[in-house]
Q: 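First the structure, which I've put down as C-alpha coordinates, then a few questions once you've had a look.
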Amino acid sequence: MTSTFPPPGLARFNDLEEAAARAALHEACAATEWADRLLAARPYATVDALYAVSDAAMADLTAADLAEAMAGHPPIGRPKPGDPTSAREQRGMAGASEELKTEMLELNLAYQEKFGHVFLICATGRTGEQMRDAVKERIGNAPEQEREIVRTELGKINRIRLAGLVQEEAA
(Lines give C-alpha, C1' and ligand atoms only; values in the text may rest on other atoms or scores of the structure.)
Protein backbone atom coordinates (compact mmCIF):
# COMPACT_ATOMS: atom_id res chain seq x y z
CA MET A 1 0.00 0.00 0.00
CA THR A 2 1.35 3.43 -0.96
CA SER A 3 1.46 6.14 1.68
CA THR A 4 -0.43 9.34 0.92
CA PHE A 5 1.62 11.29 3.45
CA PRO A 6 4.53 13.47 2.33
CA PRO A 7 8.05 12.44 3.38
CA PRO A 8 9.01 13.69 6.88
CA GLY A 9 11.28 16.50 5.69
CA LEU A 10 8.65 17.80 3.31
CA ALA A 11 5.97 17.50 6.00
CA ARG A 12 8.16 19.66 8.28
CA PHE A 13 8.43 22.29 5.54
CA ASN A 14 4.67 22.17 4.91
CA ASP A 15 4.01 22.68 8.63
CA LEU A 16 6.34 25.67 9.10
CA GLU A 17 4.74 28.98 10.02
CA GLU A 18 4.72 31.26 6.97
CA ALA A 19 7.50 33.53 8.27
CA ALA A 20 9.77 30.57 9.00
CA ALA A 21 8.99 28.98 5.62
CA ARG A 22 9.68 32.30 3.86
CA ALA A 23 13.01 32.64 5.68
CA ALA A 24 13.97 29.06 4.71
CA LEU A 25 13.03 29.70 1.08
CA HIS A 26 14.96 32.98 1.09
CA GLU A 27 18.06 30.98 2.05
CA ALA A 28 17.48 28.87 -1.07
CA CYS A 29 16.73 31.79 -3.42
CA ALA A 30 16.59 35.53 -2.74
CA ALA A 31 13.82 36.20 -5.32
CA THR A 32 10.68 37.25 -3.42
CA GLU A 33 8.36 36.27 -6.29
CA TRP A 34 9.82 32.74 -6.37
CA ALA A 35 9.31 32.33 -2.62
CA ASP A 36 5.77 33.73 -2.85
CA ARG A 37 4.87 31.15 -5.50
CA LEU A 38 6.29 28.27 -3.46
CA LEU A 39 4.54 29.43 -0.29
CA ALA A 40 1.20 29.82 -2.08
CA ALA A 41 1.33 26.22 -3.33
CA ARG A 42 1.85 24.61 0.11
CA PRO A 43 1.23 21.95 1.26
CA TYR A 44 3.17 19.70 -1.09
CA ALA A 45 2.39 15.99 -1.34
CA THR A 46 5.74 15.10 -2.90
CA VAL A 47 9.20 16.58 -3.32
CA ASP A 48 8.65 16.38 -7.10
CA ALA A 49 5.60 18.62 -6.71
CA LEU A 50 7.76 21.15 -4.84
CA TYR A 51 10.37 21.00 -7.62
CA ALA A 52 7.69 21.47 -10.28
CA VAL A 53 6.39 24.64 -8.63
CA SER A 54 9.98 25.87 -8.18
CA ASP A 55 10.77 25.23 -11.85
CA ALA A 56 7.57 26.96 -13.02
CA ALA A 57 8.21 29.95 -10.76
CA MET A 58 11.80 30.19 -12.01
CA ALA A 59 10.61 30.13 -15.63
CA ASP A 60 8.28 33.06 -14.93
CA LEU A 61 10.75 35.34 -13.13
CA THR A 62 11.23 38.75 -14.70
CA ALA A 63 14.65 40.27 -15.30
CA ALA A 64 14.20 42.25 -12.05
CA ASP A 65 13.30 39.05 -10.16
CA LEU A 66 16.40 37.33 -11.57
CA ALA A 67 18.52 40.29 -10.47
CA GLU A 68 17.07 39.97 -6.97
CA ALA A 69 17.90 36.25 -6.96
CA MET A 70 21.45 36.84 -8.19
CA ALA A 71 22.06 39.48 -5.51
CA GLY A 72 21.88 36.65 -2.98
CA HIS A 73 24.85 34.84 -4.52
CA PRO A 74 28.48 35.69 -3.79
CA PRO A 75 31.06 35.67 -6.59
CA ILE A 76 32.64 32.32 -7.41
CA GLY A 77 35.81 31.97 -5.36
CA ARG A 78 34.57 34.32 -2.63
CA PRO A 79 31.85 32.56 -0.63
CA LYS A 80 30.05 34.63 1.99
CA PRO A 81 32.00 34.54 5.27
CA GLY A 82 30.18 32.36 7.77
CA ASP A 83 27.84 30.92 5.12
CA PRO A 84 28.30 27.15 5.04
CA THR A 85 25.99 26.79 2.02
CA SER A 86 28.03 29.01 -0.32
CA ALA A 87 31.27 27.52 1.02
CA ARG A 88 30.00 23.98 0.37
CA GLU A 89 28.69 24.84 -3.09
CA GLN A 90 31.96 26.50 -4.05
CA ARG A 91 34.14 23.74 -2.61
CA GLY A 92 35.73 23.29 -6.06
CA MET A 93 37.53 26.62 -5.60
CA ALA A 94 38.71 25.87 -2.05
CA GLY A 95 41.85 24.03 -3.11
CA ALA A 96 42.50 26.12 -6.21
CA SER A 97 45.93 27.64 -6.77
CA GLU A 98 46.45 31.32 -6.06
CA GLU A 99 46.87 31.81 -9.82
CA LEU A 100 43.45 30.26 -10.50
CA LYS A 101 41.82 32.29 -7.70
CA THR A 102 43.35 35.48 -9.13
CA GLU A 103 42.21 34.55 -12.64
CA MET A 104 38.67 33.86 -11.36
CA LEU A 105 38.58 37.23 -9.61
CA GLU A 106 39.62 38.99 -12.83
CA LEU A 107 37.09 37.01 -14.88
CA ASN A 108 34.33 37.67 -12.32
CA LEU A 109 35.03 41.39 -12.52
CA ALA A 110 35.04 41.38 -16.34
CA TYR A 111 31.80 39.38 -16.37
CA GLN A 112 30.18 41.72 -13.85
CA GLU A 113 31.30 44.73 -15.88
CA LYS A 114 29.66 43.30 -19.01
CA PHE A 115 26.44 41.90 -17.54
CA GLY A 116 25.93 43.99 -14.39
CA HIS A 117 25.73 40.99 -12.04
CA VAL A 118 27.87 38.21 -10.61
CA PHE A 119 28.78 35.21 -12.70
CA LEU A 120 26.33 32.57 -11.59
CA ILE A 121 26.80 28.85 -12.11
CA CYS A 122 25.65 25.77 -10.25
CA ALA A 123 29.07 25.21 -8.71
CA THR A 124 28.19 22.03 -6.83
CA GLY A 125 30.51 19.26 -8.01
CA ARG A 126 32.52 21.51 -10.32
CA THR A 127 36.24 22.09 -10.10
CA GLY A 128 37.78 25.55 -10.09
CA GLU A 129 39.05 24.93 -13.61
CA GLN A 130 35.56 23.97 -14.84
CA MET A 131 34.11 27.17 -13.37
CA ARG A 132 36.90 29.25 -14.91
CA ASP A 133 36.30 27.64 -18.30
CA ALA A 134 32.55 28.29 -18.00
CA VAL A 135 32.98 32.00 -17.28
CA LYS A 136 35.46 32.30 -20.15
CA GLU A 137 32.93 30.67 -22.48
CA ARG A 138 29.89 32.58 -21.24
CA ILE A 139 31.44 36.06 -21.16
CA GLY A 140 31.03 36.17 -24.95
CA ASN A 141 27.25 35.62 -24.75
CA ALA A 142 24.65 38.21 -25.60
CA PRO A 143 22.90 39.58 -22.48
CA GLU A 144 19.57 37.91 -23.36
CA GLN A 145 21.26 34.53 -23.89
CA GLU A 146 23.20 34.89 -20.65
CA ARG A 147 20.04 35.78 -18.71
CA GLU A 148 18.45 32.48 -19.79
CA ILE A 149 21.60 30.53 -18.87
CA VAL A 150 21.54 32.22 -15.45
CA ARG A 151 17.85 31.27 -15.10
CA THR A 152 18.75 27.62 -15.79
CA GLU A 153 21.69 27.68 -13.37
CA LEU A 154 19.54 29.27 -10.65
CA GLY A 155 16.95 26.54 -11.18
CA LYS A 156 19.62 23.89 -10.60
CA ILE A 157 20.88 25.65 -7.47
CA ASN A 158 17.34 26.03 -6.15
CA ARG A 159 16.64 22.31 -6.58
CA ILE A 160 19.81 21.40 -4.69
CA ARG A 161 18.98 23.82 -1.91
CA LEU A 162 15.33 22.70 -1.73
CA ALA A 163 16.51 19.08 -1.49
CA GLY A 164 18.59 20.10 1.52
CA LEU A 165 15.65 21.95 3.04
CA VAL A 166 13.29 18.98 2.87
CA GLN A 167 15.74 16.17 3.52
CA GLU A 168 14.84 13.74 6.23
CA GLU A 169 16.53 14.24 9.57
CA ALA A 170 19.18 11.74 10.52
CA ALA A 171 17.80 9.07 12.82
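Numbers here simply count residues along the sequence, with the first being 1. Hydrogens, waters and symmetry mates are skipped; everything else that's a heavy atom, side chains included, is used.
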Q: First locate atom CZ of R151, then atom CG of L120, and finally report the distance between them rounded to the nearest 0.5 Å.
A: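 Taking CZ in R151 and CG in L120, the distance rounds to 12.5 Å.
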Q: Out of curiosity, N141 CG to R138 CZ, how far, rounded to the nearest 0.5 Å?
A: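 It is 7.0 Å, given to the nearest 0.5 Å.
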Q: Which pair of heavy atoms, one from A31 and one from L61, lies closest together, and at what distance?
A: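 Here A31 and L61 meet closest at CB-CD1, 4.1 Å.
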Q: Mind listing the closest non-hydrogen atom pair of T46 and A49 along with its distance?
A: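 In this case the closest contact between T46 and A49 is OG1-N, 2.9 Å.
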Q: What's the shortest heavy-atom distance between Y44 and P6, and which atoms?
A: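 Taking Y44 first and P6 second, the nearest heavy atoms are O-CB, 3.6 Å.
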Q: Does F13 share a hydrophobic cluster with I160, counting links as ILVMFWY side-chain heavy atoms below 4.5 Å and allowing steps through other members?
A: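 In one cluster with F13: I160, no.
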Q: Heavy atoms, side chains only, cut-off 4.5 Å: are L165 and L25 in contact?
A: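 In contact.
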Q: Got a sec, which pairs hit salt bridge (Lys or Arg N to Asp or Glu O under 4.0 Å) with one end in residues 114-134, sequence neighbours left out?
A: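 Found E103-R132.
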Q: Are F119 and L107 packed together at the side-chain level, in the sense that at least one heavy-atom pair is separated by less than 4.5 angstrom?
A: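 Result no, sub-4.5 Å side-chain heavy-atom pair not found.
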Q: Would you call K156 and E153 a salt bridge, taking side-chain N to carboxylate O under 4.0 Å as the test?
A: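 Between E153 and K156 there is a salt bridge, with a charged N closer than 4.0 Å to a carboxylate O.
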Q: Give the cluster check for V135 versus I149: same hydrophobic cluster or not, with ILVMFWY residues linked at side-chain heavy-atom distances below 4.5 Å.
A: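 Cluster IDs for V135 and I149 differ.
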Q: Ignoring hydrogens, what is the shortest heavy-atom contact between I121 and A134? Give both atom names and the distance.
A: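 Nearest pair, atom of I121 first, then A134: CD1-CB, 3.5 Å.
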Q: With the side chain counted from C-beta on, respond yes when V150 and E146 share a heavy-atom pair under 4.5 Å apart, and no when they do not.
A: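 Yes, their side chains come closer than 4.5 Å.
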Q: Nearest 0.5 Å, please: how far is OG1 in T32 from CZ in R37?
A: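 So the gap between those two atoms works out to 14.0 Å.
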Q: If you take all heavy atoms of S54 and L38, which pair is closest and at what distance?
A: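 Taking every non-hydrogen atom into account, CA-CD1, 3.7 Å.
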Q: Can you get from L154 to L39 by hopping between Ile, Leu, Val, Met, Phe, Trp and Tyr side chains that sit under 4.5 Å apart?
A: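 Same hydrophobic cluster.
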Q: Quick check for you: to the nearest 0.5 Å, what is the distance between M58 atom CE and C29 atom SG?
A: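 With rounding to 0.5 Å, CE (M58) is 4.5 Å from SG (C29).
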Q: Determine yes or no for a side-chain-to-main-chain donor-acceptor pair under 3.5 angstrom, with R161 supplying the side chain and E27 the backbone.
A: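 Indeed, once roles are kept as given, a pair shorter than 3.5 Å links the two residues.
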Q: Decide yes or no for I157 and H73: does some side-chain heavy atom of the first lie under 4.5 Å from some side-chain heavy atom of the second?
A: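 Yes - at least one pair of side-chain heavy atoms lies under 4.5 Å apart.
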Q: Side-chain contact test, heavy atoms from C-beta onward, threshold under 4.5 Å: evaluate it for Y111 versus V118 and give yes or no.
A: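 Counting from C-beta outward, Y111 and V118 never come under 4.5 Å.
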Q: Heavy-atom distance under 4.5 Å between the side chains of R22 and D36, does that happen here?
A: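 Contact flag for R22/D36 side chains = yes.
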Q: Please round to the nearest 0.5 Å and tell me the distance separating atom CG of L16 and atom CZ of R42.
A: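 L16 atom CG to R42 atom CZ measures 6.0 Å (nearest 0.5 Å).
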Q: Once you round to the nearest 0.5 Å, how far does CG of D55 lie from CG of N158?
A: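 Between D55 CG and N158 CG, I get 8.5 Å after rounding to 0.5 Å.
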Q: For the residue pair G128 and L100, what are the closest heavy atoms and their distance?
A: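 Answer, listing the atom of G128 first, then L100: C-CD2, 3.7 Å.
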